[in-house]
Amino acid sequence: MESAEPPSEEIDSEFEPLETGGTTGRPLFRGTHHYDRATVERTYYVEDGVLNVETAYLDGGTEVTTVTESWLLDGDRLRHTGEPVAQFCRNHHFEAPATDVRFCLDGAAEESDPLPETDVRSTFQPATAVTVEEGAALRYEGVHRAGGARVKRSFFVNDTDSCLRVRTTYFWDEERLGSLEQRRELLEDGFVAATGEPVEAFCRRTHLVDPESDVRYCARLGTAGADTGDERAGR
């Protein structure tokens, strides 16, 4: 069960530039959100023409997870939006504080979920077979496995509609539990519009960002004893 989003006025948020002298690879900006036990710490830095942000989610000072995102730059502006770096970073940090905090609280709750007592084994690779669905070709596929849990993620590219489809399917003891499908717009040059990343980099990061969380969620579905059918379960 997802946590309720806290009232925005009860979240203590900050955003500040850092004294780095413009050195590449050094942090440029730092932002935080605080609510109850939850803390979200965000650090922005530029390296090799790419803006990176690392977001750490903390529960009572203990790290729950860290998520990294990247966007291509065109000089001192974001390639996919045209915004100056400083403006983009500030807008990005303050976009949804309540959602950030809820993600942190949900992540802390997931930490108490049982993780199958075996290492998570992950794979990511180009599609090994030609598969086309509704005009979209399977481009990449990845799998996480641990105990009876299996999470399969398929990435389809539709060049005609300039669209990337991401399908995540959950299995428990090889029984299909359900699936989630998301769509992302592609730019004409083959980059993902939302982040400015090349398709392969976006797909690889999306699949490998948090394998243990994927497996915990799958295990929770599998051990709940409920028939999820084909419901679109979102995290």
Joint cluster assignment, Val40 & Leu58, ILVMFWY side-chain distance < 4.5 Å = no
Just wondering, do Ile11 and Val101 contact through their side chains at under 4.5 Å, heavy atoms?
-> yes
Between Ser122 and Asp214, is a side-chain contact (heavy atoms from CB on, under 4.5 Å) present by the stated rule, with each step listed?
-> CA-CA 11 Å; Ser122 300; Asp214 278 334; over 6 Å; no
Kindly indicate whether the side chain of Arg165, heavy atoms from C-beta on, has any atom under 4.5 Å from the side chain of Gln182.
-> no
Is any side-chain heavy atom of Thr32 less than 4.5 Å from a side-chain heavy atom of Arg42?
-> no
For Val209, check side-chain contact (heavy atoms from CB on, under 4.5 Å) against everything at least two apart and list the hits.
-> Val67
side-chain contact (heavy atoms from CB on, under 4.5 Å) involving Glu9 - partner list, sequence neighbours excluded | Pro7
Is the shortest heavy-atom distance from the side chain of Thr43 to the side chain of Glu41 under 4.5 Å?
-> no
Taking salt bridge (charged side-chain N to carboxylate O under 4.0 Å, His left out) as the test, write out the residues that go with Glu16, two or more places apart.
-> Arg30
Donor-acceptor pair, Tyr170 side chain versus Gly178 backbone, under 3.5 Å?
-> no
Those residues at least two apart in sequence (or on a different chain) that pass side-chain contact (heavy atoms from CB on, under 4.5 Å) with Thr81 are Leu78, Glu83, Phe88
Mind checking side-chain hydrogen bond (donor to acceptor under 3.5 Å, both in side chains) for Glu10 and listing every partner two or more places apart, or none if nothing turns up?
-> none
Taking the side chain from Asn158 and the backbone from Asp161, do they hold a donor-acceptor pair closer than 3.5 Å?
-> yes
Residue set satisfying side-chain hydrogen bond (donor to acceptor under 3.5 Å, both in side chains) with Glu174, at least two apart, ordered chain then number -> Arg150
Residues passing the ring-ring contact (aromatic ring centres under 6.0 Å, His included) test with Phe29, sequence neighbours excluded, are Phe15
So, the side chain of His33 versus the backbone of Glu14: is there a donor-acceptor pair under 3.5 Å, distance only?
-> no
With the threshold set at 4.0 Å, does a side-chain nitrogen-carboxylate oxygen contact exist between Arg167 and Glu141?
-> no
Test side-chain hydrogen bond (donor to acceptor under 3.5 Å, both in side chains) applied to Thr66 - qualifying residues, sequence neighbours left out | Glu63
Group every Ile, Leu, Val, Met, Phe, Trp and Tyr by side-chain heavy-atom contacts under 4.5 Å, then state whether Trp71 and Val192 land in the same group.
-> no
For salt bridge (Lys or Arg N to Asp or Glu O under 4.0 Å), just list the numbers for Glu95 and Arg90, CA-CA rounded to whole Å, side-chain angles, deciding distance to a tenth of an Å, and then say yes or no.
-> CA-CA 8 Å; Glu95 182 178 11; Arg90 175 177 289 275; over 6 Å; no
CZ-OG1 distance between Phe103 and Thr55, expressed to the nearest 0.5 angstrom = 9.5 Å
Test item: His207 side-chain N/O and Thr123 main-chain N/O as donor-acceptor pair under 3.5 Å = yes
Could you name each residue pair satisfying ring-ring contact (aromatic ring centres under 6.0 Å, His included) that touches residues 177-197, not counting sequence neighbours?
-> none
May I ask you to test the Leu186-Val157 pair for a side-chain heavy-atom distance under 4.5 Å?
-> yes
Are the side chains of Leu208 and His144 in touch, meaning some heavy atoms are under 4.5 Å apart?
-> yes
Same cluster or not: are Val85 and Leu72 linked, directly or through other Ile, Leu, Val, Met, Phe, Trp or Tyr residues, by side-chain heavy atoms under 4.5 angstrom apart?
-> no
Tell me who clusters with Leu138, hydrophobic residues only, linked when side chains sit under 4.5 Å apart either directly or through other members.
-> Phe156
Trace of the side-chain contact (heavy atoms from CB on, under 4.5 Å) decision for Val53 with Ser70 | CA-CA 6 Å; Val53 55; Ser70 301; over 6 Å; no
Common cluster, Val166/Phe124, ILVMFWY with side-chain heavy-atom separation under 4.5 Å | yes
side-chain contact (heavy atoms from CB on, under 4.5 Å) filter on Thr206, not counting sequence neighbours, yields Arg153, Phe155, Phe202
Give a yes or no on whether Gln125 atom CD has more than 12 heavy-atom contacts from other residues, nucleotides or ligands under 6.0 Å away.
-> yes
Where do Glu197 and Arg205 land on the salt bridge (Lys or Arg N to Asp or Glu O under 4.0 Å) test, with the steps shown first?
-> CA-CA 10 Å; Glu197 294 172 276; Arg205 176 179 60 80; 2.7 Å; yes
Does Tyr44 reach the side chain of His92, with side-chain heavy atoms less than 4.5 Å apart?
-> yes
Are Leu73 and Val46 side-chain neighbours, meaning at least one heavy-atom pair lies under 4.5 Å?
-> yes
For residues 66-82, which residue pairs qualify under salt bridge (Lys or Arg N to Asp or Glu O under 4.0 Å), counting only residues two or more places apart or in two chains?
-> Arg79-Asp189
